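Here the structure is a predicted model, which is why all the values come from computation and not from measurement. Every heavy atom of this structure was used, including side-chain atoms; hydrogens, water molecules and symmetry mates were not. Chain letters run A, B, ... following the sequence lines, proteins first and then strands; every chain starts at 1.
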Amino acid sequence: TAGITQAPTSQILAAGRSMTLRCTQDMRHNAMYWYRQDLGLGLRLIHYSNTAGTTGKGEVPDGYSVSRANTDDFPLTLASAVPSQTSVYFCASGGERGDTDTQYFGPGTRLTVL
Amino acid sequence: AQSVTQPDIHITVSEGASLELRCNYSYGATPYLFWYVQSPGQGLQLLLKYFSGDTLVQGIKGFEAEFKRSQSSFNLRKPSVHWSDAAEYFCAVKLVRGSTLGRLYFGRGTQLTVWP
């Protein structure tokens, strides 16, 4: 099974440009999450979605937006990238029947903003 | 402030030696507890989790963790480390049980180096 896929694997982006990071899961999980990972800081939650059609802000939402049009997809958009958004971005999903508390992670997208 | 602490940023052990990675949390109630492993260039893989019941939980790859309520700790252990265990390890907690509304709070990670 594919689990969670993310695209692109890596990207170099000029400051001021926009970009959408894609995330797709095939596990029919209700909840999906976006985290960013920075050296020495662990993972921090950017946005989340408890179910299709709803989204919420996490710990570091500024400069990012998300949408959840269906169960499987949860894209993350940077409207106008800044160098501080250089990071590794992980998408996660969770909410399996019988275990709503475990989250499963995608392989990540490494983004460099110059 | 609520937090998850992994006091060791970097640990080096010899192959075959035992391993213990520390994790402490500071929350009012017992949260759900997780350990994830991240190999270089990879995503996070769930090693094990504690929700309730037996405080010693077994995970994949020969890892185990023990929940100690009195110490607010959830330390990860392995009796004999293999070179392939070299990776970064993250402790995480979730405060809201039985609901997808709860987010994961992560520690800053412990980088494990294994000497041959």
Side-chain angles (χ1 to χ4, degrees), chain A residues 2-7 9-10 23 25 27-52 54-61 68 71 74 88-110, chain B residues 1-10 21-25 29-53 57 59-60 65 74 87-111:
Chain A
I4 299 178
T5 58
Q6 293 185 237
T9 301
S10 65
C23 174
Q25 55 110 353
M27 297 176 283
R28 307 301 294 172
H29 288 165
N30 286 325
M32 297 187 74
Y33 310 85
W34 275 105
Y35 293 88
R36 59 176 290 172
Q37 182 182 30
D38 302 290
L39 190 64
L41 297 179
L43 280 79
R44 294 178 293 169
L45 182 67
I46 304 172
H47 284 288
Y48 65 91
S49 169
N50 293 320
T51 189
T54 68
T55 63
K57 294 182 179 180
E59 184 181 359
V60 287
R68 187 88 183 275
T71 298
F74 191 43
V88 181
Y89 291 85
F90 288 99
C91 180
S93 71
E96 289 185 328
R97 181 171 298 180
D99 181 3
T100 58
D101 298 290
T102 300
Q103 293 181 21
Y104 299 88
F105 286 78
T109 294
R110 182 176 295 275
Chain B
Q2 300 170 337
S3 67
V4 181
T5 302
Q6 293 180 246
D8 303 304
I9 296 174
H10 196 175
L21 303 182
R22 296 181 291 166
C23 174
N24 294 91
Y25 62 91
T30 300
Y32 281 3
L33 299 158
F34 305 82
W35 274 100
Y36 286 86
V37 60
Q38 184 182 29
S39 297
Q42 302 296 314
L44 278 72
Q45 181 182 20
L46 179 68
L47 278 177
L48 47 76
K49 59 190 177 186
Y50 173 77
F51 289 175
S52 65
V57 294
I60 62 171
F74 188 56
E88 189 155 22
Y89 293 79
F90 291 95
C91 179
V93 305
K94 186 177 182 184
L95 301 183
V96 181
R97 295 188 169 197
S99 166
T100 57
L101 296 177
R103 55 158 293 185
L104 285 178
Y105 292 83
F106 284 86
R108 296 188 175 190
T110 298
Q111 182 68 46

Colleague: Would you sort out whether B:Tyr36 and A:Gln103 count as a side-chain contact (heavy atoms from CB on, under 4.5 Å), showing the intermediate values?
Modeller: CA-CA 10 Å; B:Tyr36 286 86; A:Gln103 293 181 21; 3.9 Å; yes
Colleague: Side chains of A:Tyr35 and B:Leu44: closer than 4.5 Å at any heavy-atom pair?
Modeller: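 A:Tyr35 vs B:Leu44: side chains apart.
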Colleague: For B:Gln45, is it the side chain, the backbone, both, or neither that has a heavy atom closer than 4.5 Å to a heavy atom of chain A?
Modeller: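 Looking at B:Gln45, nothing touches chain A.
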Colleague: Evaluate whether atom CD1 of B:Ile60 has more than 12 neighbouring non-hydrogen atoms of other residues, nucleotides or ligands under 6.0 angstrom away.
Modeller: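 Yes, CD1 of B:Ile60 has more than 12 neighbouring heavy atoms, counting only those of other groups under 6.0 Å.
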Colleague: Return yes when atom CZ of A:Arg44 has more than 12 non-hydrogen atoms of other residues, nucleotides or ligands closer than 6.0 Å, and no otherwise.
Modeller: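 Yes, CZ of A:Arg44 has more than 12 neighbouring heavy atoms, counting only those of other groups under 6.0 Å.
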Colleague: Please round to the nearest 0.5 Å and tell me the distance separating atom CD of B:Gln111 and atom CG of A:Leu39.
Modeller: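 Spacing of CD (B:Gln111) from CG (A:Leu39) equals 9.5 Å.
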Colleague: What part of A:Gln37 lies closer than 4.5 angstrom to a heavy atom of chain B: side chain, backbone, both or neither?
Modeller: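 It is the side chain, since no backbone atom gets that close.
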Colleague: Within the 4.5 Å heavy-atom criterion, are A:Tyr48 and B:Leu104 side-chain neighbours or not?
Modeller: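 No, too far: nothing below the 4.5 Å cut-off.
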Colleague: How far does CZ of B:Phe106 sit from CG of A:Leu41, to the nearest 0.5 angstrom?
Modeller: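 The distance works out to 13.5 Å.
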